[in-house]
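Every chain is numbered from 1 and lettered A, B, ... according to where its sequence line falls, protein lines coming before strand lines. Just so it is clear, the model here is predicted, and its values are computed rather than measured.
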Protein chains: 2
Amino acid sequence: MTTTFCYQYPHPAVTTDVVLFTILETRLQLLLIRRGGEPFRGEWALPGGFLEIDEDLEHCAKRELSEETGITDVYLEQLYTFGYPDRDPRERVISVTYYALSPPDRMELRAASDADEVRWFPFEEIPRLAFDHNSIVELAHRRLIAKLTYSTIAFQFMPENFTLSELQGVYEILRNEKLDKRNFRKWILALDQIEETGQKRRNGNHRPAMMYRVTNPERVEIIR
Amino acid sequence: MTTTFCYQYPHPAVTTDVVLFTILETRLQLLLIRRGGEPFRGEWALPGGFLEIDEDLEHCAKRELSEETGITDVYLEQLYTFGYPDRDPRERVISVTYYALSPPDRMELRAASDADEVRWFPFEEIPRLAFDHNSIVELAHRRLIAKLTYSTIAFQFMPENFTLSELQGVYEILRNEKLDKRNFRKWILALDQIEETGQKRRNGNHRPAMMYRVTNPERVEIIR
DNA sequence: GCAAAAGTGTTATCCCTACACCCATGA
DNA sequence: TCATGGGTGTAGGGATAACACTTTTGC
């Protein structure tokens, strides 16, 4: 049975695609799926898919991410809408893209839905992707790096409890430079966005580190 | 004759809407049209309309702006995509919104197309708008103000030649505060984005002012 | 006692802010 | 000569950047 939906004027299809970042093995990585259907079958692409007709855009992004990869509860933000003609060989497709950040715990990846395989790729080793997804990744990365400097977005990479050295490590990976330990601590504590948990982590043959948590983990604050 | 376009799955309609700002009579103003068709006939709204099936999104935004208001050659940047269900009573509509900036010259407004009337409104006096257009305006304004502090976006309000006092006036209107003349001049010249034209403007019973132009008027530079 | 990461203050530099007077012109 | 906006420099305060040693633990 094939029902059809008819309109007086031609309508484009609308999809969402998600660039999900995490920090894994001291590198910035992002999640790709191997496409199980045409077009670009067998090629790597961003998780995403078609908007349902009564579904909010953000809901669609989260649903597709969850369906294709099993990942839920990420920080999600709208990135940009790509819509030049012929970006999809099937029909006119407008893609509303999102980028997402997740701590490197809760990661039981499972391929499902349209995805044959799901994998984290280090940002430096991203292959050629289906559609215009390489440009989407580029833009998401620029936005992430820009937001680092004027918001607390990097906290979205942290697990519930973490040490200041771990947090500094995340900033160093993202900014791709060594930071001064004392200056980093002064700066990050002055933001007044993280607090001591009172717990310490002993973690090898050295002094245990004080654990911290984000005071308001739901919010990304604008700083400066 | 009514041709129809049919799809296997339901498709939303896609529109673009544009928030066009200018500075007129020492106030931030934006362009609204009075709707000539249903829904919301007779109410004020943003210029915009349906995407044609082979048309780029940005082209659609510029085309609708031009068709409904006669304005062309503005600085245009994508803002956000609004798409929650029921934001349009007719059918599911995804709106890719843009904001635009224009100098206060070249303004032969003419209502046309779906617009019964076109008018500049001071930002503080915006009426209740059709659809969710008030939230779009709010977001555009926040983005504009934010970009002021880390980019040269304000130059897009300037005509080809201008004095430093005029430029300072634009910043004062946007930031809604008086600025120190000497500090403003030091800062703006240090950006190295404007240059003297060599011309002076004599403009009343006082010393003539040096004219400046934007070195690279096409580009909005990130500063700081 | 040694290896390894945690933790901690001070100084110099740069940038931003505050602030007041003379200049060129037209009437 | 007067009214009007155009044009100019300096000093103080606050934030940022550079920099090295002691502490706590496990083995």
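- Remark: B:Pro159 engages B:Asp105 in a side-chain contact (heavy atoms from CB on, under 4.5 Å) (not counting sequence neighbours).
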Detail all sub-3.5 Å separations between protein N/O atoms and N/O atoms belonging to nucleotides 15-19 of chain C.
from: C:dA18; atom 1: N7; to: B:Asn183; atom 2: ND2; distance (Å): 2.9
from: C:dA18; atom 1: N6; to: B:Asn183; atom 2: OD1; distance (Å): 3.3
from: C:dA18; atom 1: N6; to: B:Lys186; atom 2: NZ; distance (Å): 3.4
from: C:dC19; atom 1: N3; to: B:Arg182; atom 2: NH2; distance (Å): 3.3
from: C:dC19; atom 1: N4; to: B:Asp180; atom 2: OD2; distance (Å): 3.2

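- A sub-4.0 Å separation between OP1 or OP2 of C:dA5 and a side-chain N or O of A:Ser165 is absent.
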Show each protein N/O and nucleotides 12-14 of chain C N/O combination with a separation under 3.5 Å, one pair to a line.
none

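- Under the 6.0 Å cut-off for aromatic ring centres, B:Trp187 and B:Tyr171 qualify, their centroids lying closer than that.
- Listed by chain and residue number, nothing satisfies the salt bridge (Lys or Arg N to Asp or Glu O under 4.0 Å) test with A:Glu196 (two or more places apart in sequence, or in another chain).
- Residues B:Leu101 and B:Thr22 form no side-chain contact, since every pair of their non-hydrogen atoms from C-beta on lies 4.5 Å or further apart.
- Each side-chain hydrogen bond (donor to acceptor under 3.5 Å, both in side chains) pair with one or both residues in residues 123-135 of chain B, not counting sequence neighbours, appears once here: B:Arg27-B:Glu125, B:Tyr84-B:Asp132, B:Arg87-B:Asp132.
- Taking atom CD1 of residue B:Ile188 and atom C1' of nucleotide D:dG7, one finds them 16 Å apart after rounding to whole Å.
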Dot-bracket assigned to DNA chain D with the 3.5 Å Watson-Crick/G-U criterion, [ ] for crossing and | for other-strand pairs, is |||||||||||||||||||||||||||
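- Across the protein-nucleic acid pair, B:Phe184 atom CZ and D:dG5 atom C1' stand 16 Å apart, rounded to whole Å.
- Within the structure, side-chain hydrogen bond (donor to acceptor under 3.5 Å, both in side chains) contacts touching residues 140-164 of chain A (residues at least two apart or in different chains) are A:Glu77-A:Lys147.
- A:Arg201 has a carboxylate O that lies under 4.0 Å from a charged side-chain N of A:Glu166, or vice versa, which qualifies the two as a salt bridge.
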Determine, for nucleotides 21-27 of chain D in 5'-to-3' order, which nucleotides have protein heavy atoms under 4.0 Å from the base (write B), from only the sugar-phosphate (write S), or from neither (write -). --BBBBS
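- Checked against a 6.0 Å centroid threshold, the rings of A:Phe157 and A:Phe155 do not count as neighbours.
- In this structure, B:Asn203 atom CG and C:dA27 atom P are separated by 12 Å, rounded to whole Å.
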What side-chain donor-acceptor pairs closer than 3.5 Å can you find for residues 216-224 of chain B, not counting sequence neighbours?
from: B:Arg219; atom 1: NE; to: B:Glu221; atom 2: OE2; distance (Å): 2.9

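- Scored by the ring pair (Phe, Tyr, Trp, His ring centres under 6.0 Å) test, B:Phe121 finds B:Trp44 as partners (sequence neighbours excluded).
- Legend: residues meeting side-chain contact (heavy atoms from CB on, under 4.5 Å) with A:Lys186, ordered by chain and number and at least two apart, are A:Asn183.
- Atom C1' of nucleotide C:dA5 and atom CE of A:Met210 are separated by 15 Å, given to the nearest angstrom.
- Using a 4.0 Å cut-off between a side-chain N of Lys or Arg and a carboxylate O of Asp or Glu, A:Glu43 and A:Arg34 do not qualify as a salt bridge.
- Atoms CG (A:Leu179) and P (D:dC19) sit 15 Å apart, rounded to a whole Å.
- A:Arg185 meets the side-chain contact (heavy atoms from CB on, under 4.5 Å) test with A:Leu164, A:Ser165, A:Lys181; sequence neighbours excluded.
- B:Leu167 places its CG atom 16 Å from the C1' atom of D:dG5, with the value rounded to the nearest Å.
- With rounding to whole Å, B:Phe162 atom CZ is found 20 Å from D:dG5 atom P.
- Under the 4.0 Å criterion applied to side-chain N and carboxylate O atoms, B:Glu195 and B:Arg213 are assigned as salt-bridge partners.
- Going from atom CD of A:Glu177 over to atom C1' of D:dA17 covers 12 Å, rounded to whole Å.
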